[in-house]
*Asks:* 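Got a structure for you, written out below as structure tokens; questions coming shortly.
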Amino acid sequence: MRGNQTILLAHGGGGKLMHQLVEELVVPALENPTLKEMTDSAVVTVNGVRLAFTTDSYVVRPPFFPGGDIGKLAVTGTVNDLAVVGAKPLFISCGLILEEGLSIAELEQVVRSMQCAAEQAGVRVVTGDTKVVERGKGDKIFINTAGIGLVPEGRELSIRRIEAGDAVIVSGTLGEHGIAVLSAREGFQIESCLESDCAPLNGLIEFLLQRCDGVKFLRDPTRGGLASTLNEIAIKTGLGIGITESQLPIKEEVKVVCEFLGFDPLYVANEGKVVAVVASEKAEEAVAVLRSHPLGKEAQIIGEVTEQPKGKVYMRTQVGGSRIVDMLTGDQLPRIC
């Protein structure tokens, strides 16, 4: 696989290496039409009913961080993957991989967080599995979740619907999750008590879809951040995406930490934001709808889909120039979700 003979940490980071691993090794071996769509959730039809089905694994380090923990993250991440394909999430499974030595109190906290997040999202955890590995062979706790949801009749969110001129919208400020996890990992003291944005988005997304008919495509910018999400869209559509730096909603605290550490907030993970591609004539309406919901108060149009440069993302900078925003090889912050 392009010279890589062993798996690297970067293969799980949401960047170029992860996409190469999946597209050149996994998908060809398991090839089928549904898998080739490479969406956050597979949408399949069973006896005339459209179901969305997704799975994800969570290996965040540390498992507890400002604003959440691995349990909350696992439920909300699965709910969000269902919601961005237009589904109404219903049921979740939970697979726990525990390391010998994990305290019962910590496990209880994680499970309670999962239940709270499930109640908030209106879903149920209905099945699961538990395994334990020897001390030193894990990292306290890993979680795998799968989710099932119903896609309403007539609802069609697809990357194929995107065309030049469409607006690109983000539902709120970027980078809080990655920086919150990093602060917990490295022991940083951030004066403003910045927290992860981890939140179930199904309520926000349903609110938007019921009130605005111009939404064409949705995606949650998790691993690899906004930049990786936009690059995926550009590559798959063969179109360009232009964003404007001054329109990007980023908290000052995130900017300061990123500048200090040499990170780019465009590549920092989010767990409570959605990117929407919307018909240009409906963009202002979509932003107004998002801003009227508690999870979308800082929604912003950040750019548009363009004919050129094909398959590329570029940013108009605050100093009047422009630069290509490429997909990273790996991830600035590994083990972030």
Side-chain angles (χ1 to χ4, degrees), residues 14 38-40 80-81 83-86 156-176 197 201 204-205 207-209 211-250 254 264-291 293 295-318 321-328:
M38 298 284 287
T39 51
D40 284 340
N80 295 347
D81 281 349
V84 293
V85 299
E156 191 64 43
L157 298 176
S158 172
I159 202 166
R160 296 186 183 90
R161 297 182 61 202
I162 297 174
E163 57 189 343
D166 289 342
V168 179
I169 298 170
V170 66
S171 65
T173 52
L174 302 167
E176 284 104 319
D197 62 342
L201 295 171
L204 173 68
I205 289 172
F207 187 79
L208 172 64
L209 294 177
R211 290 162 177 79
C212 180
D213 61 4
V215 180
K216 298 184 176 183
F217 180 78
L218 299 170
R219 177 63 61 86
D220 51 336
T222 53
R223 286 179 299 175
L226 175 68
S228 294
T229 295
L230 296 182
N231 270 281
E232 289 177 20
I233 296 170
I235 291 168
K236 289 181 180 179
T237 61
L239 296 168
I241 296 179
I243 59 176
T244 301
E245 186 175 19
S246 61
Q247 295 177 326
L248 296 173
I250 304 172
V254 172
D264 187 333
L266 293 179
Y267 297 93
V268 179
N270 312 274
E271 289 292 344
K273 302 299 186 302
V274 62
V275 174
V277 181
V278 180
S280 59
E281 68 274 13
K282 295 286 187 176
E284 293 292 347
E285 177 185 336
V287 169
V289 171
L290 288 168
R291 288 178 177 174
H293 189 280
L295 293 179
K297 290 182 178 179
E298 295 175 277
Q300 179 70 39
I301 298 172
I302 61 170
E304 69 287 326
V305 180
T306 60
E307 291 284 359
Q308 301 289 341
K310 294 187 181 300
K312 298 289 185 181
V313 178
Y314 66 96
M315 182 168 69
R316 295 174 286 268
T317 66
Q318 290 181 321
S322 64
R323 68 175 177 90
I324 294 294
V325 179
D326 202 356
M327 187 180 289
L328 294 180

*Asks:* Taking the side chain as everything from C-beta on, heavy atoms only, tell me whether V268 gets closer than 4.5 Å to V254.
*Replies:*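 Answer no - side chains too far apart.
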*Asks:* Quick check: closest heavy atoms across N231 and D326, and the distance to 0.1 Å?
*Replies:*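 Shortest heavy-atom contact: ND2-C, 3.5 Å.
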*Asks:* Is it the case that more than 12 heavy atoms not belonging to K310 sit under 6.0 Å from its NZ atom?
*Replies:*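 Result for NZ/K310: enclosed.
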*Asks:* With rounding to the nearest 0.5 angstrom, report the CG to CG distance, L204 to L209.
*Replies:*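 One gets 9.0 Å once the value is rounded to the nearest 0.5 Å.
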*Asks:* What's the shortest heavy-atom distance between R291 and Q300, and which atoms?
*Replies:*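 Looking at all heavy atoms of both residues, the closest pair is NH2-OE1, 3.3 Å.
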*Asks:* Can you find a pair of side-chain heavy atoms, one from F217 and one from D166, that are under 4.5 Å apart?
*Replies:*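 Sidechains of D166 and F217: no contact.
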*Asks:* In Å, rounded to the nearest 0.5 Å, how long is the span from CE of M315 to OG of S246?
*Replies:*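 Separation between the atoms: 10.0 Å.
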*Asks:* If I take atom OG1 from residue T244 and atom CD1 from residue I301, how far apart are they, to the nearest 0.5 angstrom?
*Replies:*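 The distance works out to 10.5 Å.
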*Asks:* Any idea which heavy atoms bring A299 and V287 closest together, and the distance?
*Replies:*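 Scanning both residues, the minimum pair turns out to be O-CG1, 3.9 Å.
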*Asks:* Should the pair R219-E232 be classified as a salt bridge under the 4.0 Å nitrogen-to-oxygen rule?
*Replies:*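 Looking at E232 together with R219, the answer is yes, because their closest N to O distance falls below 4.0 Å.
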*Asks:* Can you see which heavy atom on A234 is nearest to which on I241, and at what distance?
*Replies:*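 Heavy-atom minimum between the residues: N-CD1, 4.1 Å.
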*Asks:* So how far is it from N270 CG to D220 CG, rounded to the nearest 0.5 Å?
*Replies:*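 These two atoms lie 9.0 Å from each other.
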*Asks:* Can you tell me how far CD1 of I302 sits from CG of L174, rounded to the nearest 0.5 angstrom?
*Replies:*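 That separation rounds to 7.0 Å.
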*Asks:* Is there side-chain contact between L157 and V84, with heavy atoms separated by less than 4.5 Å?
*Replies:*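 No, side chains not in contact.
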*Asks:* What do you reckon, is CZ of R160 surrounded by more than 12 foreign heavy atoms closer than 6.0 Å?
*Replies:*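 No, not enclosed.
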*Asks:* Only pairs under 3.5 Å count here: list side-chain donor-acceptor contacts from residues 271-283, not counting sequence neighbours, and write none if there are none.
*Replies:*
unit_1	atom_1	unit_2	atom_2	d
K273	NZ	T173	O	3.1
K273	NZ	D197	OD2	3.0
K282	NZ	D213	OD1	3.2

*Asks:* Is any NZ, NE, NH1 or NH2 atom of the basic residue among R316 and E304 found under 4.0 Å from an Asp or Glu carboxylate oxygen of the other?
*Replies:*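 Looking at E304 together with R316, the answer is yes, because their closest N to O distance falls below 4.0 Å.
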*Asks:* Just how far is it from atom CG of L201 to atom CG of L208, taken to the nearest 0.5 Å?
*Replies:*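 The CG atom of L208 is 11.0 Å from CG of L201, to the nearest 0.5 Å.
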*Asks:* Mind checking whether V325 and L266 have side chains closer than 4.5 Å, heavy atoms only?
*Replies:*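 Yes - at least one pair of side-chain heavy atoms lies under 4.5 Å apart.
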*Asks:* Is any side-chain heavy atom of S171 closer than 4.5 Å to a side-chain heavy atom of L295?
*Replies:*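 No - every pair of side-chain heavy atoms lies 4.5 Å or more apart.
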*Asks:* Flag yes if more than 12 heavy atoms outside Q247 fall under 6.0 Å of its CD atom; otherwise flag no.
*Replies:*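 Yes, the 6.0 Å shell around CD holds more than 12 heavy atoms from other groups.
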*Asks:* Indicate yes or no for a side-chain donor-acceptor contact from R161 to the backbone of V215 under 3.5 Å, with no hydrogens or angles considered.
*Replies:*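 Indeed, once roles are kept as given, a pair shorter than 3.5 Å links the two residues.
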*Asks:* Taking all heavy atoms of E163 and all of K216, pick out the closest pair and write down the distance.
*Replies:*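 Where E163 meets K216 most closely, the heavy atoms are OE2-NZ, 2.9 Å.
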